[in-house]
Asks: 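Pasting in a structure now, in structure tokens, and then I'll have a few things to ask.
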Amino acid sequence: MGMSEYYQKLREKVGNELIFMPSVAGIVRNKAGGVLLQNKGNGEKWSLPAGAIELGEAPAEAVVREVWEETGLFVVPQKLLGVFGGKDFRYQYPNGHQVEYNIFMFECEIQRGELNPIDTETAELRYFQPEHMPELALPYPKHLFTQTKPGELYFQWDEQWLSSLTLRDLKSPL
């Protein structure tokens, strides 16, 4: 449905500057295991059905709303697959707005509906087999698009994060 009133007011104050944006993304599969992707038709790369969490919304509630708005499908989140953020998840929109996403990614199950976007953000929807997916706008780990194991949850981790702390940082009181 485009930008919410909250983000519109924020953008009026900060312009195109970088902002944090708590967000969700949904992996929606067809019966053949294809992953549903969205093309916005504006030169951006393909993406998962995704969007900002609005004030007062729980992440699971937001993914239900975002998938419906962008695809016309009613889904139920089945499990949290991963949590992402940081510099790798910075994005600049064609209009110049800069965001750094903090993303909750959910595996979703279709309950009903037809591929028919409700909003105007979607130009094309298509299912891709995980091994034939196009490059996405954000660098999600490729293994998350194959079937995951029950109880498996992925989060970013880099051993360098520990080594980048100095001894002084480790001794300072909280």
Side-chain angles (χ1 to χ4, degrees), residues 1-12 16 19-85 88-142 144-148:
M1 295 293 177
M3 193 183 309
S4 71
E5 185 178 331
Y6 171 76
Y7 285 108
Q8 286 176 6
K9 288 181 180 179
L10 183 59
R11 282 293 176 200
E12 287 172 10
N16 289 341
I19 62 171
F20 278 114
M21 186 174 284
S23 302
V24 293
I27 293 184
V28 178
R29 299 178 199 280
N30 62 12
K31 291 181 182 182
V35 176
L36 183 60
L37 297 181
Q38 168 195 41
N39 182 335
K40 294 183 180 182
N42 61 2
E44 293 180 74
K45 294 177 183 171
W46 287 85
S47 64
L48 293 168
I53 299 170
E54 300 297 340
L55 291 176
E57 255 184 339
E61 179 183 12
V63 78
V64 170
R65 177 184 52 76
E66 284 291 344
V67 171
W68 176 75
E69 288 175 357
E70 295 178 358
T71 71
L73 298 175
F74 291 89
V75 298
V76 172
Q78 296 298 300
K79 67 179 177 178
L80 181 65
L81 289 179
V83 181
F84 308 93
D88 290 344
F89 286 84
R90 287 185 180 172
Y91 189 78
Q92 182 170 328
Y93 286 92
N95 66 3
H97 291 175
Q98 298 174 61
V99 297
E100 184 172 310
Y101 292 116
N102 290 296
I103 302 171
F104 298 85
M105 179 190 279
F106 292 91
E107 178 85 35
C108 297
E109 182 178 286
I110 300 170
Q111 297 298 299
R112 65 183 190 283
E114 295 180 17
L115 287 180
N116 185 22
I118 306 304
D119 65 17
T120 58
E121 292 179 38
T122 305
E124 180 182 5
L125 294 166
R126 190 184 320 166
Y127 287 98
F128 291 88
Q129 289 302 314
E131 61 274 9
H132 300 294
M133 288 175 51
E135 184 179 356
L136 299 180
L138 293 172
Y140 298 112
K142 302 284 185 222
L144 292 178
F145 298 109
T146 59
Q147 301 293 342
T148 58

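None of the values given here were measured: they were computed from a predicted structure.
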Asks: For residues F145 and L48, determine if any side-chain heavy atom of one lies less than 4.5 Å from a side-chain heavy atom of the other.
Replies: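 Yes. Closest side-chain heavy atoms under 4.5 Å.
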
Asks: Kindly compute the distance separating CG (L115) from CD (E70), expressed to the nearest 0.5 Å.
Replies: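 The distance works out to 12.5 Å.
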
Asks: What distance do E54 atom CD and E5 atom CD have between them, rounded to the nearest 0.5 Å?
Replies: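 Here the rounded value is 10.5 Å.
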
Asks: Could you tell me the separation between the OG atom of S47 and the OH atom of Y91, rounded to the nearest 0.5 Å?
Replies: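 The OG atom of S47 sits 7.5 Å away from the OH atom of Y91.
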
Asks: Taking C-beta and beyond as the side chain, do Y140 and I103 meet within less than 4.5 Å on heavy atoms?
Replies: yes

Asks: Taking the ring of F20 and the ring of F89, is the distance between their centroids below 6.0 Å?
Replies: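 No, they do not, as the ring centres are separated by 6.0 Å or more.
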
Asks: Which pair of heavy atoms, one from N102 and one from G85, lies closest together, and at what distance?
Replies: OD1-CA, 4.0 Å

Asks: For E100, give me all partners under salt bridge (charged side-chain N to carboxylate O under 4.0 Å, His left out), at least two apart in sequence or on another chain.
Replies: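 Result, salt bridge (charged side-chain N to carboxylate O under 4.0 Å, His left out) vs E100: R90.
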
Asks: Could you tell me which non-hydrogen atom of K45 sits nearest to which non-hydrogen atom of A137, and how far apart they are?
Replies: CB-N, 3.7 Å

Asks: Return the orientation label for the F74 and W68 ring planes: parallel under 30°, perpendicular over 60°, tilted otherwise.
Replies: tilted

Asks: When rounded to the nearest 0.5 angstrom, what distance separates CD in E12 from CD in Q8?
Replies: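 Interatomic distance, E12 CD to Q8 CD, rounded to 0.5 Å: 7.0 Å.
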
Asks: What I'd like to find out is whether the side chain of V67 reaches to under 4.5 Å of the side chain of I110, using heavy atoms alone.
Replies: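 They are not in contact (no side-chain heavy atoms under 4.5 Å apart), so the answer is no.
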
Asks: Between E69 and R65, is the salt bridge (Lys or Arg N to Asp or Glu O under 4.0 Å) condition met? List the steps.
Replies: CA-CA 6 Å; E69 288 175 357; R65 177 184 52 76; 3.3 Å; yes

Asks: Side-chain contact test, heavy atoms from C-beta onward, threshold under 4.5 Å: evaluate it for I53 versus F104 and give yes or no.
Replies: yes

Asks: Could you check whether any side-chain heavy atom of L136 comes within less than 4.5 Å of a side-chain heavy atom of L37, counting everything from C-beta outward?
Replies: yes

Asks: Is any side-chain heavy atom of Q38 less than 4.5 Å from a side-chain heavy atom of T71?
Replies: no

Asks: Roughly how far, to the nearest 0.5 Å, is the OG1 atom of T146 from the CZ atom of R29?
Replies: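 One finds 7.0 Å between CZ of R29 and OG1 of T146.
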
Asks: Using side-chain contact (heavy atoms from CB on, under 4.5 Å) as the criterion, point out the one residue from V28, L81, V63, L80 that pairs with E107.
Replies: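 Passing option: L81.
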
Asks: Between N42 and E44, is any side-chain donor less than 3.5 angstrom from a side-chain acceptor?
Replies: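 Yes.
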
Asks: Just so I know, are the side chains of L36 and L125 near enough to count as touching, which here means a heavy-atom distance under 4.5 Å?
Replies: yes

Asks: Identify, with sequence neighbours excluded, every residue that meets side chain to side chain contact (heavy atoms under 4.5 Å, CB included) alongside R11.
Replies: M3, V14, I19, H97, V99

Asks: Of the non-hydrogen atoms in G26 and C108, which two are nearest, and what is the gap between them?
Replies: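 Between these two residues, the closest heavy atoms are CA-SG, 4.1 Å.
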
Asks: Side-chain contact test, heavy atoms from C-beta onward, threshold under 4.5 Å: evaluate it for P139 versus F84 and give yes or no.
Replies: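 No; the side chains remain at least 4.5 Å from each other.
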
Asks: Between atom CG of N30 and atom CZ of R126, what is the distance when rounded to the nearest 0.5 Å?
Replies: 13.0 Å

Asks: Got a sec: does the CD of Q111 have more than 12 other heavy atoms crowding it under 6.0 Å?
Replies: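 Atom CD in Q111 is crowded, with more than 12 foreign heavy atoms closer than 6.0 Å.
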
Asks: Sorted by first residue and then second, give each ring-ring contact (aromatic ring centres under 6.0 Å, His included) pair with at least one member in residues 22-58; sequence neighbours left out.
Replies: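 Passing the test, one end in residues 22-58: W46-F128.
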
